[in-house]
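Here's the structure we're looking at; comments come further down.
All chains are named by letter (A, B, ...) in the order of the sequence lines, taking the proteins before the strands, and each is independently numbered beginning at 1.
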Amino acid sequence: MDYIKTDEGILLKDAKDFQPRHIFECGQCFRWNAMPDGSYKGVAEGRTLRVKKNGRDILFAGTDEQEFRDFWVGYFDLERDYRAIKAELSRDQVLKQAIEFGYGIRILKQDIWETMVSFIISANNWIPRIKATVERLSSHYGQEQVYKGETYYSFPSPARLAQLTEEDIMLCGCGFRAKYVLKAARIVAGGQVDLHSLAGMNTTDARAALLCFPGIGPKVSDCIMLFSMAKLDVFPVDVWVKRVMEHYYLKRDTRPAEIRQFAAGKFGALAGVAQQYLFYYARSTMGRFTSK
DNA sequence: TTGCAGGGGTCAA
DNA sequence: TTGACCCCTGCA
């Protein structure tokens with residue numbers, strides 16, 4: 001990882017395996033937004049950042065070396081060798097295509113609590129609405145911060161959400177998921193489950209613990225583990241992944257558990273990364289309403 | 001203009 | 001295994 005300090009922030013040199021569009025549009029995060037100049041602005045754990053591709057380099061604007069090393073390097077998984085991962089996965093011809101399409105994807109390491117709530121909200125929902133709901137929760141109940149004259153809001157803590165009523169949360173656009181969000185907040189704020197200890201568990205135990213939360217089923221639990229705990233072996237199966245897997249590898253109407261098992265056998269410890277390439281590829285190339 | 005299906009799943013019967 | 005679920009969007 002080779003970077004230099006500039007007036008604007010940190011410049012990551014010759015970052016071939018980093019494409020902001022792929023990272024932020026592949027469905028793993030909900031608080032990064034494209035700007036007219038092609039950069040992305042986002043909020044993560046109370047920090048704000050603008051990320052822009054400059055030729056072969058990546059500019060991280062609005063941060064300094066200390067924060068970059070202490071936080072963003074981990075957040076963007078910059079110490080992992082994605083070139084090696086892609087080489088390994090590209091031995092499969094379908095993955096090879098998917099990787100050529102989404103070559104700059106990286107798996108973010110996001111805040112566990114925010115990821116948990118975001119993916120509870122994602123059930124039977126679609127991305128623009130999930131983003132709007134997460135944004136409303138943050139602007140109503142998060143901490144306000146001003147950066148370069150613009151106001152941002154951090155994602156509200158479990159304790160803050162635990163004080164609310166189901167109706168308060170419903171008003172942010174959560175719909176029937178409001179009761180799940182509130183219960184999750186009360187479980188975490190009450191200390192019944194320590195989310196950070198889940199990250200230290202093996203995948204099987206962490207999944208079992210997550211499935212105890214109402215509103216968290218197999219797909220949501222796997223997304224939480226993949227996008228906030230760096231558990232790269234999980235393979236979340238949603239409607240798009242099901243479609244792409246059935247199209248290229250399996251027969252129609254294969255059950256999600258069977259798809260997960262197949263992926264574990266085929267992609268092993270890298271199944272989660274493979275899932276993201278496949279998901280992004282499927283969403284972008286298979287059309288919005290495919291009957292397959 | 002109105003009505004209806006459907007959406008990054010989960011729960012309960 | 002199946003239907004309901006917030007509610008907004010796209011389409012006929």
Side-chain angles (χ1 to χ4, degrees), chain A residues 21-33 98 101-102 105 107-108 110 114-137 140 161 164-187 207-229 231 234-247 252-260 263 271-292:
Chain A
R21 181 162 42 85
H22 296 167
I23 293 171
F24 299 127
E25 308 279 359
C26 75
Q28 60 180 324
C29 55
F30 302 101
R31 298 208 69 199
W32 289 89
N33 294 300
F101 186 80
I105 288 176
I107 307 291
L108 298 176
Q110 302 175 80
E114 178 176 337
T115 306
M116 172 180 264
V117 175
S118 300
F119 280 92
I120 287 175
I121 292 169
S122 78
N124 197 257
N125 211 338
W126 73 100
I127 291 171
R129 191 167 157 209
I130 300 165
K131 290 177 80 167
T133 302
V134 172
E135 206 54 51
R136 271 195 294 272
L137 281 171
H140 285 50
L161 292 186
L164 304 175
T165 65
E166 190 179 320
E167 197 189 355
D168 293 331
I169 296 175
M170 187 87 89
L171 286 171
C172 292
C174 289
F176 64 85
R177 312 157 194 87
K179 55 182 177 291
Y180 303 144
V181 172
L182 183 58
K183 280 183 184 162
R186 291 185 174 162
I187 289 169
R207 177 186 283 118
L210 287 169
L211 291 176
C212 293
F213 285 80
I216 298 184
K219 189 271 178 182
V220 170
S221 74
D222 286 3
C223 285
I224 297 166
M225 289 191 286
L226 181 57
F227 303 135
S228 69
M229 300 181 191
K231 296 198 181 300
V234 299
F235 192 83
V237 179
D238 60 45
V239 56
W240 289 100
V241 172
K242 186 168 186 294
R243 250 170 225 164
V244 73
M245 292 301 286
E246 289 176 351
H247 185 265
R252 283 186 67 175
D253 299 324
T254 305
R255 292 156 62 144
E258 202 180 318
I259 298 176
R260 275 210 307 275
V273 194
Q275 190 268 6
Q276 273 307 277
Y277 293 121
L278 289 168
F279 175 80
Y280 185 64
Y281 183 58
R283 277 221 51 163
S284 309
T285 60
M286 293 178 83
R288 184 139 183 257
F289 298 111
T290 310
S291 60
K292 182 111 188 97

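One can place CG of N124(A) at 11 Å from P of dC6(C), the figure rounded to the nearest angstrom. Per the geometry, CE belonging to M116(A) stands 18 Å off P belonging to dG9(B), to the nearest Å. Regarding Y180(A), its OH atom lies at a distance of 9 Å from the C1' atom of dG9(B), rounded to whole Å. To the nearest angstrom, C1' of dG8(B) lies 13 Å from CD1 of I121(A). Put simply, CD on E167(A) is 13 Å from P on dC6(C), counting in whole angstrom units. I130(A) places its CD1 atom 14 Å from the P atom of dT9(C), with the value rounded to the nearest Å. Atom-to-atom, CZ of F213(A) to P of dC11(B) comes out at 12 Å; the value is rounded to the nearest Å. Atom NZ in K219(A) sits roughly 4 Å away from atom C1' in dG8(B) (whole-Å rounding).
dC4(B) and dC5(C) are spaced 16 Å apart, taking the P atom of each and rounding to whole Å. Distance check on atom C1': dT9(C) versus dT10(B) gives 23 Å, rounded to whole Å. Straight-line distance between the P atoms of dA13(B) and dC6(C): roughly 15 Å, to the nearest whole Å. Separating the P atom of dT1(B) from that of dC7(C) is a span of 24 Å, rounded to the nearest Å. Comparing dA4(C) with dA5(B), their P atoms sit 11 Å apart, to the nearest whole Å. If you take atom P in dC8(C) and the same atom in dC11(B), they sit 24 Å apart, rounded to whole Å.
For I127(A), counting side-chain heavy atoms from C-beta on, the closest listed nucleotide (dG8(B), dG7(B), dG9(B)) is dG8(B). Picking from dG9(B), dG8(B), dT1(C) the nucleotide with the shortest atom distance to the side chain of R255(A) gives dT1(C).
Using modelled atom types, one finds no donor on one side chain facing an acceptor on the other under 3.5 Å when comparing S122(A) with N125(A).
Summarising the base pairing, dG8(B) is matched to no nucleotide, lacking a Watson-Crick or G-U wobble pair whose two defining distances lie under 3.5 Å. Checking dC6(C) for Watson-Crick or G-U wobble geometry (two distances, each under 3.5 Å) identifies no partner in any strand.
Summarising the geometry of R177(A) relative to C174(A), their closest heavy-atom pair is NH1-O, 2.8 Å, with the distance given to 0.1 Å. For G27(A) against F279(A), the heavy-atom pair with the smallest separation is CA-CE2, 4.2 Å. Shown here for K231(A) and L226(A), the closest heavy-atom pair between the two residues is O-CD1, 3.6 Å.
Phosphate contact (OP1/OP2 of dG8(B), side-chain N/O of W126(A), threshold under 4.0 Å): absent.
Residue P236(A) is out of contact with every strand shown, counting any heavy-atom pair closer than 4.0 Å. At a threshold of 4.0 angstrom between heavy atoms, the contacts of P214(A) are confined to the sugar-phosphate backbone, with no base atom among them. Among the protein residues, F119(A) comes within range of the nucleic acid bases, having at least one heavy atom under 4.0 Å from a base atom. Counting non-hydrogen atoms under 4.0 angstrom, G27(A) reaches a base of the nucleic acid.
Taking only distance into account, the side chain of N125(A) never meets the base of dC6(C) through a donor-acceptor pair shorter than 3.5 Å. The base of dC5(C) is not paired with the side chain of R177(A) by any donor and acceptor separated by under 3.5 Å.
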- Message: Evaluate F30(A) against F24(A) for ring pair (Phe, Tyr, Trp, His ring centres under 6.0 Å), listing each step before the verdict.
- Response: CA-CA 8 Å; F30(A) 302 101; F24(A) 299 127; over 10 Å; no
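At a threshold of 4.5 Å between non-hydrogen side-chain atoms, the residues E114(A) and R31(A) count as touching.
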